[in-house]
Every structure is written in C-alpha cells, then in structure tokens.
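Everything below concerns the one structure shown next.
Letters A, B, ... mirror the listed sequences (proteins, then strands); counts begin at 1.
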Number of protein chains: 2
Amino acid sequence: MRSDTPPAAGAAPARVTIADVAREAGVSKATVSRFFNHREALLTPDIAARVEAAIAALDYRPSPMAQALKRGTSRLIGMVVADVTNPYSVAVLRGAEKACKDAGYLVMLFNLGNEPEREREAIATLSSYQVDGFILNTFDHGGKGRAEVERLGKPAVLVDRRHGRMSADFVSLDNAGAVEMAVAHLVDAGYRDLLYVTEPVRNVSSRLDRQAAFHACVQSHGDVRGDVFESVEDGADALEQAIAALHGRSGSRAAILSGNAVVTLRCATAVMRQALRFGVDIGFIGFDELDWAPLVGPGLTTIAQPTDALGRLAARCLVERLQGSPSPPRQILLSGELIVRGSSQRGAA
Amino acid sequence: MRSDTPPAAGAAPARVTIADVAREAGVSKATVSRFFNHREALLTPDIAARVEAAIAALDYRPSPMAQALKRGTSRLIGMVVADVTNPYSVAVLRGAEKACKDAGYLVMLFNLGNEPEREREAIATLSSYQVDGFILNTFDHGGKGRAEVERLGKPAVLVDRRHGRMSADFVSLDNAGAVEMAVAHLVDAGYRDLLYVTEPVRNVSSRLDRQAAFHACVQSHGDVRGDVFESVEDGADALEQAIAALHGRSGSRAAILSGNAVVTLRCATAVMRQALRFGVDIGFIGFDELDWAPLVGPGLTTIAQPTDALGRLAARCLVERLQGSPSPPRQILLSGELIVRGSSQRGAA
DNA sequence: TTGTACGCGTTATCAG
DNA sequence: CTGATAACGCGTACAA
C-alpha cells in the first residue's frame, strides 16, 4: 500500500538496538547490558570506554518495552483519575509526577472521564504495560477496581477516596479537621444557620467524611442549626430555592459550606442570581481553593488543600512500598488551610 | 531480600500468556494468535470455539508490550502538553482521547510542566514506547522538538502552536477571525481605545497570530486606537498602571482584549482592585471561556474555543495519516464563538 | 487449516 | 571479566 519515499529525513527510522552497540564496540550484547545494569561488576576500563563511546556515537537508549518484558517490572506507575477536568486531580497529579520523576519512575495516566465503569478496564490496561503500582483517585465502583488491583497483587495508594475495605495506603486531606475549622470560623463570625451543600454523596468517601463531620460538628456547637443539601448537575433551581429558604429564615446569620469546587461554582451562581451579597447577606466557605475566589463579591473564603504535597506523598508512599518495605497499610491525613476572605465575615464589605 | 509471603491474595500474580491459552485449548500458540489477528483465515469452527472459550476462561489479553516489540507499532499515540494545569490543554486532551479511543488507539500523555527543555526528552521517551504518532501542544524550543520528531519519521499534528516550518498537520482556532470578531464587537459597542493584553509572546505562534491580527484589525478600523501590553507573572503593578492609564485617557470608551485565560484572571484582578466596573467603566473581552466568567461583575464576555472539536480533529487527522493516506500537511482552523456578557456592553448593568 | 521455528530487544545464567 | 544462550510474550513465514 505505501508506495513512495519515507516521510521526511531520507533515512529509515530504524531503532538502534543493543546489538548495534555491541557490534560498534566489538563486544557482546551481554557486555553492553552489564555496562548499564551491573556497574559493580567492574568492566575492563578499556572495554567500558569502548562501550561508552559506542553508546554515545549511536545515541543508544535501551527499550523500556523490552526491559519490561524481560524484567517483569517497568519503573512505570499507573495513575488513574476519575476526571482530568477536575483541577484538584490535576494538581495532585503534578505533585505525584514530580516525586515519581525524582525516584526514577514515570507516570502513566489514565483518565476515566467520569465513567466509573471504565475503572476496571483502566487498571487492566495499565497493568498490561507492567506498571509496578497504582495511584488511584477514583470511585469505588462496585469494588471492581479494588478486586482487580488485589488480583494483580500490585501495591496501590488511594488518594482522597478510600475504597471500601481495600488494604492499601490512603492519602487525603484531614476532612474532619477541615470541616471543624470551617464551622468554627463561621460560628465565630456570628453565623448560626449553616447549610452544607454537597454533590451527590454516592460512595465517595471524602464526601461521606465531610458530611459526617459536618453533622458531628453542628451537634457539638450548642445553638447552631445545620442542614445538608445535595446539589445535582441540573438542579440549579432547587439549589436557589434552598438558599433562598435559608436566607429567608435566618437572614445574615445564614451561611453556606460548599463541599467542593464544582459546588462552589453552583452556589456562587445561585447567590448572585438572587442578588444576595456574600458576607453581608449570607456567609460562605468552600472546599478547594480557586484562582477566581478573590474575584467574586468580597472574595470567597476557601479551604485550600495541600494538593502538591498530597501527590508527592502518594508517590513517595508507593515508591517506598515498591522498594520492599512491607509495612502495614498507612493512612496519611494532611491539614487544609483556611484562606479567609470577605465571604465569611459578617458585616464586611 | 524479600522474605515472606506475597502481598495480598495468596496467588502468584503470574501473567496469563498466549501459551497458557494454547495449552488450555489444546492448540498451538500460532492458532491463538491467528484467532486475534487474522479472523479472515477462517479457523475450524470447532477450534475457534475452543480458543475463544480458553481465552474467556483465562481472561487472557495479549500483552501490548510484546506486540509492540514484535510489530514495531503500538496503537499508542503520544501526546505532549506544555502544561496540564492549563484548562485549554486539558479540554483538547479530552477530545483527542475520545477520538483516539474510537479509533482503537490509546493516548500516552507527557506533561512538560512548563519546562520547554523537557520537550526533546518527552518525545524521545514516548518514542521509546513505540508510539505511532504525536499530538503536540508545546513550545517550539529551539526547534529541538521538531528535529526529534522528524528524525523519528513519525507523523505528528500540532495543536494551537505551530512549530517554525515543521511539515506537520496543524489544528487550531482561527485566531485572526476570532480577533476580528472581538474587535468588531467592541467597536460596535462604542469602544474606541483598545488594549490587547498578552502573555510574553516568545515563540508561541498563537500569541504571535493574535497580536498580529489585533494590529491589522485596529488599522482597518479608522478611528480606533490599539495598544499592546505584555503581562508577566509578577507584573501585577505594571498591569494595573497600564489599565489605569487606559481608562484615565479614554474613560468608558476604553476596553481590554485579553489574550488567554491566565491573562483574563490578571486583568480581572487589576480591574477590580481599582474599583472599575466592567462594562460601564471599561470594556472587556477575553480569549477562552471560563466557568466563572458569568460571576465577575456583570459577566465577562469571552471567546470560547471549540476545544473538544480541536482535540478530536487533531486525533482524527493523525489517525488518518497513520492509516496510510500520505496527503500533504494540512492546516485546519476552527472558528471561535463569542459569548457576550455584560463586560462588553457599554452602559449595561 | 494448523503447527514449528525464529526474531523483536533485553537481561540473567552459565561457561570460559 | 567476558561471551554465548535461553527466555520474556508475541506474530509470522514456512512447512506440514
């Protein structure tokens, strides 16, 4: 089928192999391989020099594929993310990437595009590339992901979302602590009627944790009312009504706590549409720092997650396990940081 | 070194190979292989059934690594992105991912984290995994990327950023058209003093194109003034001054055109900090649609890029080329969509 | 139609 | 210290 000359630079794109290097250096393939993998088995300086020269001359680099095939290990870490569109996930990804790079691993990313049923497939695909371990920021869809990972016998670390009783490391924000911090701040500022707005909880552990913490927290404060509202994708009207009711009932003593970035967007839209003023008419704190948080109204108070640290930690955790330390599953919780802006200060702006 | 029992589920995680399937089905490896790759060479129904059963029973899946090694091709597409943090890139990525999946390809992503010098390394790494082609959304750092790709002789398609005179397909927003649309809209609305704010242009073709189009466009409108301001990362003060000067000079006839999302954020911050009101005190249009655009002031008018289509097109383009059609380099430009909000309507809100 | 044998690029083992 | 060889999992001429 392909008829004419090769595309661009006239040469054939033939990969240079270890055999080429061996020939060039006048040694055997085994020697070249040793030059890379067993520096301790001192090669004759003369030979080593020849090999090194040949490698440089040919710009040879071992094929990771062939290596993985032979070794059964790849220095690849598989990361699967529920949705690349989510800035939280991307931030974590970056942190993980850095730490992996530092440890000599490469991250192979798989995006679920918010389709939980692809989790099993993603893990299987990654595994077929012989990834050494997994970093998972996904749903726990029917436990299929967990089952697959455990079947493979490869280590995994969970980020933000715990999977049932999966015996794996878990790295996450200290959700309970963050909720307490936020609620305490709101109460201090004089808010007494709190509405926690969350995406549908489903099985997502972080959502469960935050909601549970919210309930507990409200209990512990004597005279504070606390309700929960589930905000769905197309439920703008319902959300507006809930907020209107909240404000109608308690006036400026009402405040919203938003469970994540997408909910924050919805809440901000709803509040603006009713011409309520953040801070003065209604209080607000949202999980996840947003680059536009300073811009709406008097600024939105947020709970910033240490995403970079979370990613780094997840990677480090995995790498340690990969390098043999068979410690029991760990659970690492990092504190969030409250970034106070006008939306949580009664009577401000 | 490793002393005790395997990690979790007691079994060894031994991969199931084509040999296992062959044994299970009582046929040779070749037959199993043919079952996958040459369905046309009709196998005896009996045998085919046995193979199929064995495959299902063992949950066998061919190792893409071994396949790639043997075939020299991988059904993998390498995508390198200057910065995953950029929502534009992520949106394009998603589109490309979908189209690739539909065509039976998998996307392997490499993130440069805004370090241009890693481009060569990224391409080399990807290539060592035998990717069949590239989708590039990167800088053109010293032409090293282009050189590497051409050395490899693998097809590539450029997204948003053209690389010098690289003979590759190019998919992008119609920048000239978008600028004209925006400027015309501003002029229609009565704005006469325009400031185009851009990130440092460097070698980024889309920035060059937009700036050039802006100049041309201003020329063609008789009585319109048009300046350009380069906004750098730590240059908040300079930007504020430029905007103050603009407004001081022309009052409500002044308007800003922002070259991309990060600049829009900076401009919005600067404008708010000077207590100028979008739309009434100063006009604004920004490249790239933002989910928070409706929330600041009377809403920010934006130019939405067809990111999903761009990604899909890029992928489709590449796949076509992979499947043999040796057409000359194409250049595909898609129109943007002006999303009009309050910030570009004089006297509104 | 099916099986045998070899090679893809590497590395580990075992002689030398 | 170095070289030949087998094997990793797979696809394909070639032979049967």
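When the C1' atom of C:dC6 is taken as reference, atom CG of B:L69 falls 14 Å away, rounded to whole Å. The separation between A:R71 atom CZ and C:dT11 atom C1' is 7 Å, rounded to whole Å. In this structure, NZ of B:K70 is placed 9 Å from P of C:dG9, rounded to the nearest angstrom. Protein atom CD1 of B:I18 is 13 Å distant from nucleotide atom C1' of C:dG3, rounded to whole Å. Look at CZ on A:R23: it is 11 Å from P on C:dG9, rounded to the nearest Å.
Look at A:D308 and A:K98 and you find a salt bridge, because one of the NZ, NE, NH1 or NH2 atoms lies within 4.0 Å of a carboxylate O, short of that distance. Classification of B:R312 and B:E97 as a salt-bridged pair fails, no side-chain N sitting under 4.0 Å from a carboxylate O. The pair A:R94-B:D83 counts as a salt bridge, with a side-chain nitrogen and a carboxylate oxygen less than 4.0 angstrom apart.
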Any N/O pairs under 3.5 Å between the protein and nucleotides 14-16 of chain C? List them or say none.
none

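Checked by atom type, the side-chain pair B:T125/B:S128 shows no donor-acceptor distance below 3.5 Å. Side-chain polar atoms of A:T138 and A:H163 form a donor-acceptor pair below 3.5 angstrom. For the residue pair A:D132 / A:T73, a side-chain donor-acceptor distance below 3.5 Å is found, with atom types taken as modelled. Defined by atom type and a distance below 3.5 Å, a donor-acceptor pair is missing between the side-chain atoms of A:Q331 and A:D169. With 3.5 Å as the limit, one finds a donor-acceptor pair spanning the side chains of A:S89 and A:N137.
Heavy-atom neighbours of B:K144 NZ from other residues, nucleotides or ligands within 6.0 Å: at or below the threshold of 12.
Summary of helix geometry: the two end axes of the helix from C:dT1-D:dA16 to C:dG16-D:dC1, each defined by five base pairs via their C1' atoms, are inclined to each other by 50° (rounded to 10°).
Among pairs with a residue in residues 90-129 of chain A, none fulfils ring pair (Phe, Tyr, Trp, His ring centres under 6.0 Å), at least two apart in sequence or across chains.
Within the 4.0 Å cut-off from OP1 or OP2 of C:dT1, not a single side-chain nitrogen or oxygen of B:H38 is found. Side-chain nitrogen and oxygen atoms of B:T44 include at least one within less than 4.0 Å of the OP1 or OP2 phosphate oxygen of C:dT2.
Between B:S28 and A:N37, the residue anchored closer to the 5' end of DNA chain C is B:S28, taking for each the nucleotide with the nearest heavy atom.
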Derivation and outcome, salt bridge (Lys or Arg N to Asp or Glu O under 4.0 Å), residues B:R50 and B:D46: CA-CA 6 Å; B:R50 268 159 49 203; B:D46 168 45; 3.2 Å; yes
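Within a heavy-atom distance below 4.0 Å of DNA chain D, no residue of residues 58-66 of chain A is found.
For the side chain to side chain contact (heavy atoms under 4.5 Å, CB included) with B:L136, the lone residue among B:V80, B:V81, B:V157 that qualifies is B:V80.
Boundaries of the chain A contact region on DNA chain D are D:dC1 to D:dG9, first to last in 5' to 3' order (nucleotide atom under 4.0 Å from a heavy atom).
Considering only residues two or more places apart in sequence or on other chains, B:R120 meets the salt bridge (charged side-chain N to carboxylate O under 4.0 Å, His left out) condition with B:E148.
Not a single donor-acceptor contact under 3.5 angstrom links the side-chain atoms of B:K29 to the base of C:dG3.
Between the B:S205 side chain and the B:R162 main chain, a donor and an acceptor come within less than 3.5 Å of each other.
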